[in-house]
Amino acid sequence: MKPLNSLNEWLDHRTGLPTAIRNFLYEEIPASSGWHQVLGSMAIFLFLVQAFTGALLAFNYAPTPGEAYNSLRYILTDLTAGPLMRGLHHWGASMMIVVVVLHMVQVFLYGAYKKPRETTWIVGVVLLLLTLAYGLTGYLLPWDNRAYWGTVVTTKIAATAPLLGPYLTRLLGGEGSIGVVTFARFYGLHVLLLPPATTLLIGIHVYLVRKHGVAPAPGDELVPRKKFYPEQVFKDTLAIFVAFIILFTMAVVVRVPLEQLADPTDTAYIPRPEWYFLFLFQFLKIFPGSLEVVGSVVLPGLAVLTLILVPFIDRGKMMKVTRRGFAMAFVTLAAIGWTGLTAAAVATTPKEAGEVAVDYSAPTDWMQLSAEEMAGVGYFRQENCKSCHAVAGSGSTIGPDLTKTAIHRNAAWMIQHFKSPAVVRPGSSMPPIQLSDPQLNSLAAFLLKLNPDNATALDAAPQFAVEGALVYQSNGCGDCHKVNGAGMDVGPPLNGVDKRRSRSWVEDHFADPPKLSPGSIMPPYKLSRKDLDSLTSYLFSLPD
Amino acid sequence: MDDSRTAALPHETPGTTRRTFYVAAIYGLSALIGAALGLPALAYLLVPPRMRKQSQWAEAGDIRQLTLHTPVEMTFRRNRVDGWKVTSEKSTAWVVRNAGDQVVAFAPQCTHLGCAYHWDQAKTEFVCPCHNSLFSIDGKVLGGPAPRPLDRYQTKIQGNQLLVGPIEPAPGQIA
């Protein structure tokens with residue numbers, strides 16, 4: 001310990017840092033301090049997690065529309081721990097909002113904003129607004145449909161602000177349309193302006209907390225005060241740890257979806273803001289027509305102003321939290337209002353008709369497969385090939401690894417082998433596959449495509465697409481149509497049909513083609529509801 | 001923290017075991033959080049990205065244009081995976097046809113410091129203009145500071161087309 005001590009002394013003499021840290025940690029706090037005061041530390045911790053994961057994401061991110069989307073997909077599909085980093089950043093943002101609001105509610109309920117702590121409260125309100133600003137600007141950065149349309153609505157709301165509207169629109173680069181300029185502004189705000197502003201304000205906030213001391217409960221003055229370290233620091237750390245476990249679990253378990261690349265021509269998309277803005281979104285609906293500005297700007301503005309003025313409105317003496325009935329009632333009402341509006345917004349969100357939910361945060365190599373190969377994936381899954389064969393080095397070792405291209409030889413050999421394995425390969429214990437010739441063709445076509453590099457990516461093919469391809473194959477759609485360049489040219493190619501037609505149109509069209517496209521020679525197809533669903537979903541998921 | 005000093009504070013003495021527990025928990029939990037963030041971050045930055053499947057072979061040119069034992073500079077386009085982008089870029093190879101239709105394609109950079117070298121027909125040597133490294137027609141070092149023979153592309157011949165693949169060191173050299 002000797003050398004450590006002398007290093008400590010040396011540092012202290014030169015910088016004063018060890019003494020400063022000691023003073024910080026051995027600050028006296030009221031005897032009543034405890035678990036209800038951990039939220040501020042949690043908020044700071046979450047801010048640090050956001051800064052850390054944000055910087056890591058920025059290392060592999062190109063902040064321009066289009067490129068942003070591609071680079072994020074690269075993070076999600078090509079990089080180790082990329083989905084984890086994005087998950088932490090995404091859920092960390094939500095969690096930060098929750099914790100910051102809870103922190104505020106605690107301070108409000110305890111009346112900790114009262115004289116002389118008014119400025120601490122006001123800085124806190126500004127920090128809440130900054131946290132929301134991160135949410136608003138960060139929402140655009142993935143540049144998928146959700147991000148794009150959400151931001152279109154946001155900038156339009158800003159435009160309705162009385163007097164300031166046009167200037168705000170210009171500031172946000174949202175004149176005309178959302179494009180490179182808006183994107184650059186949002187990114188600049190999100191990573192260049194907001195973080196230093198937040199850091200500075202957190203510094204001021206903590207300084208003010210230290211200057212006035214942690215707010216004591218009434219009657220606390222008579223009880224001996226205690227030290228911040230180690231008991232309260234322990235409570236803070238444990239609370240942070242629990243929050244972190246929840247955050248980490250969410251980042252691993254709950255996949256953050258990435259929708260398709262932002263498409264300004266998409267007329268079917270139904271934009272929705274992030275969950276913590278849903279109440280505002282719903283609130284807006286209460287005010288029709290020319291009154292809209294009241295719901296979008298005036299009332300939210302007044303609410304913020306009221307929040308700032310709270311310490312000047314309530315100037316009474318400190319009271320026990322249990323006697324602050326009015327504050328309790330206010331918080332309860334606000335919570336009920338928020339929950340009601342949010343629930344209403346969720347309930348009125350229509351299921352997106354016509355949209356097929358393809359998760360672009362997973363590899364989409366399967367999209368390039370022809371319908372025949374895609375159906376092969378279906379037979380591969382049906383016949384449970386993986387119960388005996390390894391795929392890309394993992395799985396059963398009874399049969400050979402199916403990604404080893406050497407064992408594929410050619411389709412003809414494979415089909416013979418599927419039918420009578422023991423004849424083609426004496427000694428093979430593989431049972432014959434009971435499928436028709438076209439089905440075996442599909443299976444062979446898929447296996448020929450399979451290699452160690454794409455195995456996991458192809459494994460991500462969603463079941464609806466696989467089932468749709470099976471319906472496509474069994475009805476011989478490829479005899480007239482093309483999918484991904486494979487098939488015939490009698491009918492129109494089917495890639496991009498989701499852009500040309502609505503889902504209901506396509507479904508009705510199967511039943512009676514000449515009715516919807518006069519002159520069509522396509523025969524009617526009587527498909528079961530389930531087959532109709534999978535086939536349409538499959539066709540709508542094809543790349544354009 | 002300086003424990004000997006703080007433990008001596010008078011009102012702390014009865015709770016020494018509890019205090020030790022607090023301090024241990026603070027450090028322990030912080031270390032766990034640090035590891036849970038730090039290790040994935042290292043993996044994120046250091047593990048190479050998943051290889052995206054694409055053909056590594058590019059058509060370099062027609063081998064009928066080659067005369068025996070005369071290096072020809074062939075330029076061609078090949079795709080390079082650069083993060084989330086695949087870029088098509090111009091590449092060159094010094095191609096030599098040897099007896100028995102054997103073709104060798106040398107990578108266009110000197111093995112010393114990566115300068116572009118050229119073939120000197122008069123001296124029948126590859127000459128690097130930077131530090132005067134000299135290589136023979138089969139890529140061996142004849143002089144200068146070059147530490148190893150010229151690197152080569154993997155090659156395949158399809159019909160009359162020469163296909164070049166990834167660059168690798170000359171046979172017998174360790175990468």
Side-chain angles (χ1 to χ4, degrees), chain A residues 1 4-5 8 18 21-22 25-26 45 48-49 52-53 55-57 59-62 67-75 77-82 84-85 88 224 226-227 229-238 240-245 247-248 251 363 365 368 451-454 456-457, chain B residues 1-57 79-88 156 165-166:
Chain A
M1 287 309 272
L4 215 66
N5 274 345
N8 206 27
I21 293 173
R22 222 172 2 251
L25 288 176
Y26 291 103
F45 168 75
L48 293 176
V49 172
F52 181 68
T53 52
L56 284 170
L57 287 172
F59 285 164
N60 285 299
Y61 176 80
E67 283 288 279
Y69 181 80
N70 291 337
S71 55
L72 181 58
R73 281 214 63 203
Y74 167 77
I75 293 174
T77 59
D78 290 14
L79 294 182
T80 310
L84 176 70
M85 290 307 155
L88 287 172
K226 54 185 186 183
K227 304 271 182 209
Y229 183 87
E231 192 186 334
Q232 185 64 31
V233 175
F234 163 75
K235 286 176 178 164
D236 285 5
T237 312
L238 190 60
I240 284 169
F241 187 69
V242 171
F244 181 72
I245 287 182
L247 172 59
F248 199 87
D365 301 31
Q368 306 305 324
N451 64 47
D453 292 330
N454 67 11
T456 38
Chain B
M1 255 304 104
D2 188 353
D3 268 359
S4 59
R5 184 179 177 142
T6 53
L9 288 167
H11 65 276
E12 298 275 9
T13 19
T16 308
T17 37
R18 178 181 289 192
R19 188 194 160 81
T20 318
F21 166 75
Y22 283 155
V23 173
I26 290 166
Y27 281 102
L29 296 178
S30 308
L32 277 176
I33 293 174
L37 283 175
L39 298 178
L42 283 179
Y44 171 81
L45 293 174
L46 297 177
V47 176
R50 181 175 81 98
M51 278 303 290
R52 265 180 293 174
K53 203 183 136 10
Q54 52 132 13
S55 175
Q56 301 200 312
W57 296 89
N79 288 337
R80 190 166 63 89
V81 174
D82 180 9
W84 51 90
K85 281 172 132 174
V86 178
T87 43
S88 165
K156 272 202 288 210

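Note that the coordinates shown come from a computational prediction; the quantities given were computed from them, not determined experimentally. Per chain, numbering begins at 1; letters A, B, ... match sequence-line order.
- Looking at A/Asn60, both its backbone and its side chain come within 4.5 Å of chain B, counting heavy atoms on both sides.
- Partners of A/Phe234 under the ring-ring contact (aromatic ring centres under 6.0 Å, His included) rule, at least two apart in sequence or in another chain, are B/Phe21, B/Tyr22.
- Side chains of B/Lys85 and A/Glu67 form a contact here, defined as non-hydrogen atoms less than 4.5 Å apart.
- The two residues B/Pro49 and A/Leu79 make their nearest non-hydrogen contact at CB-CD2, 3.8 Å.
- Annotation: side chain of A/Phe244 is in contact with side chain of B/Leu37 (closest heavy-atom distance under 4.5 Å).
- Here A/Thr77 is the residue among A/Val49, A/Thr77, A/Thr53, A/Leu72 with the most heavy-atom pairs under 4.5 Å with chain B.
- At a 4.5 Å heavy-atom cutoff, the contact between A/Ile75 and chain B is made by side-chain atoms alone.
- For B/Leu45, the part lying near chain A is the side chain, with the backbone staying farther off; criterion is any non-hydrogen pair under 4.5 Å.
- Both the backbone and the side chain of A/Leu57 come within contact range of chain B, judged by heavy atoms closer than 4.5 Å.
- Contacts between A/Tyr61 and chain B at a heavy-atom distance below 4.5 Å involve the backbone alone (N, CA, C, O).
- Among B/Pro48, B/Ala41, B/Ser30, B/Ala25, the residue with the largest count of heavy-atom pairs under 4.5 Å with chain A is B/Ala41.
- Separation of atoms CG (B/Leu42) and CG (A/Leu56) is listed at 9.5 Å; rounding is to 0.5 Å.
- Contact of A/Phe59 with chain B is made through the side chain alone, with heavy-atom distances under 4.5 Å.
- In this structure a side-chain-to-backbone donor-acceptor pair under 3.5 Å is missing from B/Tyr44 to A/Met85.
- The shortest heavy-atom contact between A/Ala81 and B/Pro40 is CB-O, 3.6 Å.
- How far CG of B/Leu32 is from CZ of A/Phe248: 11.0 Å, rounded to the nearest 0.5 Å.
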Intermediate values then yes/no, side-chain contact (heavy atoms from CB on, under 4.5 Å), A/Tyr229 and B/Val23: CA-CA 9 Å; A/Tyr229 183 87; B/Val23 173; 3.6 Å; yes
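- Inter-residue side-chain proximity for B/Tyr27 and A/Thr237 is flagged as unmet; no heavy-atom pair is nearer than 4.5 Å.
- At a 4.5 Å heavy-atom cutoff, the contact between A/Leu84 and chain B is made by side-chain atoms alone.
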